[in-house]
Amino acid sequence: MKYIDEFRDPELAQRLLTEIAGRSRRPVRLMEFCGGHTHAIMRYGLRELLPDTVELRSGPGCPVCVTANADLDRAIALAQVPDLILTTFGDMIRVPGSSSTLQDAKAGGADVRIVYSALDALAMARQNPQRPVVFLGVGFETTAPTIAAAILQAEAEGLENFSVLSLHKLTPPATRAILDAGDVALDGVIGPGHVTTIIGADAWQFLPQEYAVPVAVAGFEPLDILRAVSELVEMAETGRPAVSNSYARSVTRQGNPTALAVMERVFETAAATWRGLGPVPASGLAIRPAFAGFDAGCLFQVDPGPTREHRGCLCGDVLRGTVLPPECPLFGRACTPARPIGPCMVSAEGACAAYYQFGEGVS
Ligand code: SF4
């Protein structure tokens with residue numbers, strides 16, 4: 001298949017659905033790690049098309065959603081530093097911290113600017129040599145190499161007013177944390193396609209080997225996802241867990257060595273705190289001491305004040321896969337995309353936003 005509409009072919013989808021229904025005898029619960037998959041699943045109504053024996057749960061694969069309130073508060077406090085320009089991807093600006101958002105900070109006079117890439121932030125640093133320009137580094141292994149490349153570029157140019165607040169996170173340790181917590185029993189994982197393009201399918205071998213949980217790495221079209229579900233059901237039925245690559249047009253076993261090398265040069269693994277999972281060892285990326293001059297966390301000491309969680313918001317449970325978004329009492333009532341209470345309703349990859357936008361809303 002070459003063209004995008006071929007990956008949406010209704011006849012092929014029906015064939016895969018028939019295959020899944022024929023294979024699936026015992027109930028299985030599968031987690032789609034990635035928020036992009038949740039949106040595709042909801043957009044194409046795949047949950048309703050699958051047999052009753054196959055349950056899908058969304059996972060922690062939305063980088064905006066898993067950013068802890070304490071980190072959001074730190075970013076909001078950073079935006080108040082005199083003369084500082086804080087640059088960020090658009091989704092982050094509306095995410096509520098403990099008591100405000102970056103949008104509130106901007107309305108109050110802070111210079112918060114939306115950018116489409118770290119290179120836009122670099123351009124701002126060149127245009128404003130007298131002012132510190134900080135890029136809010138939020139994302140998984142997909143985003144981190146581009147941020148690392150921006151830091152290397154800043155170093156090469158001697159751009160001393162550019163820095164990054166690194167809140168990057170790594171996906172395999174989060175998946176391990178979910179399984180170790182044991183709150184939700186999983187029979188398979190739909191592996192994140194974009195992340196795995198960078199880290200390689202072999203990075204998921206620990207799931208079948210240590211947890212006996214099969215993985216199928218998937219792209220983001222309906223046939224990609226259905227193929228992954230079919231393979232997971234087959235592995236669950238036969239009791240032969242493995243890593244299957246349903247996204248071979250993008251993913252290799254080893255990943256992207258250039259991207260991994262850039263990431264490795266600039267970042268080192270560190271503990272990170274995830275919304276819903278808490279502190280997870282070796283699940284974050286800190287800027288290496290050699291690049292401390294580009295590390296906003298070292299350069300600016302801010303006091304964000306006490307952190308508090310939003311009362312009633314179940315984002316943490318949604319991200320762990322223990323509840324579905326409509327099970328949150330605030331879903332579609334107090335919390336909507338127009339007036340979000342939690343990040344899962346704000347982000348383009350948030351599970352609550354997907355359920356609200358494409359169905360399975362509140363009755
Ligand atoms: Fe949080 Fe809103 Fe989702 Fe409830 S519906 S979990 S309040 S984002």
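We count ligands from 1, going down the list as the structure has it; atoms in each ligand are counted the same way.
Applying the salt bridge (Lys or Arg N to Asp or Glu O under 4.0 Å) test to every pair with at least one member in residues 107-119, sequence neighbours left out, gives these pairs: Asp111-Arg113, Asp111-Arg131.
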Inset, instruction - Could you give me the CA-CA distance, side-chain angles and deciding distance for Phe220 and His194, then say whether ring pair (Phe, Tyr, Trp, His ring centres under 6.0 Å) is met? - result: CA-CA 9 Å; Phe220 296 85; His194 294 151; 4.2 Å; yes

Legend entry - From CA spacing to verdict: ring pair (Phe, Tyr, Trp, His ring centres under 6.0 Å), Phe89, Phe135: CA-CA 9 Å; Phe89 293 138; Phe135 179 74; 5.3 Å; yes

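The set of protein atoms (N, O or S) found at less than 2.8 Å from atom 3 (Fe) of ligand 1 reads Cys352 SG, by chain and number.
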Could you list the donor-acceptor pairs under 3.5 angstrom formed between side-chain atoms of residues 174-189 and any protein atom two or more places apart in sequence or on another chain?
{"unit_1": "Thr175", "atom_1": "OG1", "unit_2": "Thr171", "atom_2": "O", "d": "3.1"}
{"unit_1": "Arg176", "atom_1": "NH1", "unit_2": "Glu210", "atom_2": "OE1", "d": "2.8"}
{"unit_1": "Arg176", "atom_1": "NH1", "unit_2": "Tyr211", "atom_2": "OH", "d": "3.3"}
{"unit_1": "Arg176", "atom_1": "NH2", "unit_2": "Glu210", "atom_2": "OE1", "d": "3.4"}
{"unit_1": "Arg176", "atom_1": "NH2", "unit_2": "Glu210", "atom_2": "OE2", "d": "3.3"}
{"unit_1": "Asp180", "atom_1": "OD1", "unit_2": "Tyr211", "atom_2": "OH", "d": "2.7"}
{"unit_1": "Asp180", "atom_1": "OD2", "unit_2": "Tyr211", "atom_2": "OH", "d": "3.4"}
{"unit_1": "Asp183", "atom_1": "OD2", "unit_2": "Arg320", "atom_2": "NE", "d": "3.3"}
{"unit_1": "Asp187", "atom_1": "OD2", "unit_2": "Arg29", "atom_2": "N", "d": "2.7"}

Could you pull out all donor-acceptor pairs under 3.5 Å where a side-chain atom in residues 278-285 meets a protein atom, sequence neighbours excluded?
{"unit_1": "Ser283", "atom_1": "OG", "unit_2": "Trp274", "atom_2": "NE1", "d": "2.8"}
{"unit_1": "Ser283", "atom_1": "OG", "unit_2": "Val280", "atom_2": "O", "d": "2.8"}

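Two residues are said to be in side-chain contact when any heavy atoms from C-beta on lie closer than 4.5 Å; Glu309 and Arg275 meet this criterion.
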